[in-house]
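The first residue of the sequence shown is numbered 1, and numbering continues consecutively from there.
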Amino acid sequence: MTRKCTGCGSILQTTEKGMEGYVNEKVYNEAKYCERCFKVIHYGEASIIDKEVDKDAIIKKVNRTHHPVIYIASLLTFNSKCLDVIKNIKTKVYLVLTKRDLLPKSVKDKKIIDYAKNITGINDIFVVSGKSGKNVDKLIKTLTKDEVKKAYFLGLSNSGKSTLINRILLEFGIKGGITTSVVPNTTTELININVGSDLTLIDTPGLMNSSSIVNYIDVNIYKKYIPKKEIKPKIYNLKKGFMLIIDDIIRIENNNSEMLHFVFYLNNDLKYKKLRVERSEELKILNKVNLTLEKDKDIILSGLGFIKVLSDGEITMYLPSEKIISKRDKLI
């Protein structure tokens, strides 16, 4: 009988070690999880399965079934890539903005909801934390009120999708759950999850986010950069001829503007250092990109967080890849 991993949905197999679904043949009959998921759950190990997710096939399947979609997006990196996916969904969408626990408590949920509603046109928007459970009950109550019997969970990789599903299971008194990890493609196949007798959640593989920084640095280095608790914004002014170095992974140079002003929403443990640009030869140069700044825009650094821009100007940035950069109207 074919058996599947409870954590990622892969078909369990005993022949190809290191590939998706592998489990030692000695424990095959008792195993709930593949070896990869077992190590993620019990040892916190992170490994990436190089399997491309067919985004178009998933969306076509969703549109054929007419089941509603619970679309998950991280508040830290909510941008046009998220919207491109939403535009292709033909059924009802509930938009869930996750990782609320990472934004300052002073930011009002209503402001975030109004922001998202204005750019998406979606009425059912929830600001939640899968980690703490904040506002998850509101999502469940709405699904119950709308008599939703089956719904797809969709979202970009690392959007907090699996964490949210596990929190919903806890709300229904169901322990255990699917595997969560900081790396993409933790969920590799569709997983049907029965929540009581009235609701089935269909978890889908995370849609590949090619702009995430996890694609450009070692995963174990990435783990120390991602925010893990409420972010304390850091404000910096940068004079002409000066640069700001952030943990040797990001460098911002002001070569043209008289004075620039930023607010950083990144991991609290990152180290900031301000130096004159002339000393740049002492530092490792990453990928260079010239960027035009617009006041009241956010610079999103996918997988890391975002920078709120408080003044117009021009900068040069050095970072692992220019692909991690995108912009949006200020969230906060």
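No more than 12 heavy atoms of other residues, nucleotides or ligands lie within 6.0 Å of NZ in K323, so this atom counts as exposed by the packing criterion. The environment of K61 atom NZ is sparse: at most 12 non-hydrogen atoms of other residues, nucleotides or ligands sit within 6.0 angstrom. Around atom NZ of K274, more than 12 heavy atoms belonging to other residues, nucleotides or ligands sit under 6.0 Å away. Atom NZ of K228 is surrounded by more than 12 heavy atoms from other residues, nucleotides or ligands within 6.0 Å.
Every residue meeting the side chain to side chain contact (heavy atoms under 4.5 Å, CB included) condition with D137, not counting sequence neighbours, appears here in chain and number order: K141. Looking at residues two or more places apart in sequence or on another chain, you find a side chain to side chain contact (heavy atoms under 4.5 Å, CB included) between A151 and P68, I70, V148. For Y71, there are no ring pair (Phe, Tyr, Trp, His ring centres under 6.0 Å) partners two or more places apart in sequence or in a different chain. The side chain to side chain contact (heavy atoms under 4.5 Å, CB included) test applied to N63 returns I59, I89, K90, not counting sequence neighbours. With sequence neighbours excluded, the residues that form a side chain to side chain contact (heavy atoms under 4.5 Å, CB included) with E322 are V289. F262 is linked by a ring pair (Phe, Tyr, Trp, His ring centres under 6.0 Å) to F264, counting only residues two or more places apart in sequence or in another chain.
Although no hydrogens or angles enter the test, the distance criterion places a donor-acceptor pair under 3.5 Å between the side chain of Y115 and the main chain of D329. Distance alone, capped at 3.5 Å, places no donor-acceptor pair between the S211 side chain and the S302 backbone. With hydrogens and angles disregarded, a donor-acceptor distance shorter than 3.5 Å links the side chain of K308 to the backbone of I332. Checking side-chain atoms of N254 against main-chain N and O of S257 turns up a donor-acceptor pair under 3.5 Å. A donor-acceptor contact shorter than 3.5 Å is absent between the side chain of S159 and the backbone of G155. A donor-acceptor contact shorter than 3.5 Å links the side chain of E230 to the backbone of K105.
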Any chance you could lay out the side-chain contact (heavy atoms from CB on, under 4.5 Å) test for L169 and V195, step after step, and finish with the verdict?
CA-CA 7 Å; L169 291 176; V195 182; 4.0 Å; yes

Take R100 and D109 through the side-chain contact (heavy atoms from CB on, under 4.5 Å) test and state the conclusion after the steps.
CA-CA 9 Å; R100 176 63 183 90; D109 290 355; 2.7 Å; yes

Take Y318 and M243, measure what side-chain contact (heavy atoms from CB on, under 4.5 Å) needs, and give me the verdict at the end.
CA-CA 11 Å; Y318 295 91; M243 62 182 176; over 6 Å; no

Yes or no on side-chain contact (heavy atoms from CB on, under 4.5 Å) for F153 and I168, after CA distance, side-chain angles and deciding distance?
CA-CA 12 Å; F153 264 71; I168 291 174; 3.6 Å; yes

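Looking at D312 and K295, no side-chain N of the basic residue comes within less than 4.0 Å of a carboxylate O on the acidic one, giving no salt bridge. No salt bridge links E147 with K149; every basic N to acidic carboxylate O contact stays at or beyond 4.0 Å. K92 has a carboxylate O that lies under 4.0 Å from a charged side-chain N of D124, or vice versa, which qualifies the two as a salt bridge.
Residues L102 and L76 have side chains in contact (heavy-atom distance under 4.5 Å, counting atoms from C-beta outward). Looking only at side-chain heavy atoms (C-beta outward), Y225 and D247 come within less than 4.5 Å of each other. For the pair L293/L260, a side-chain contact is recorded, criterion being any heavy-atom separation below 4.5 Å from C-beta on. Taking 4.5 Å as the limit, every side-chain heavy atom of V309 sits out of range of all side-chain heavy atoms of D296.
With a 6.0 Å cutoff to the six-membered ring centre and a 45° limit on the axis angle, R328 counts as a cation-pi contact of F306.
A continuous path of hydrophobic side-chain contacts links I221 to I250 [ILVMFWY only; heavy atoms under 4.5 Å]. M259 and L310 fall into different hydrophobic clusters, where Ile, Leu, Val, Met, Phe, Trp and Tyr side chains are chained together by heavy-atom contacts under 4.5 Å. Clustering ILVMFWY residues whenever any of their side-chain heavy atoms sit less than 4.5 angstrom apart, transitively, puts Y272 in the very cluster that holds I213.
Side chains of N79 and S326: a donor-acceptor N/O pair is present below 3.5 angstrom, by distance only. If you check the side chains of N194 and T200, you find a donor sitting under 3.5 Å from an acceptor.
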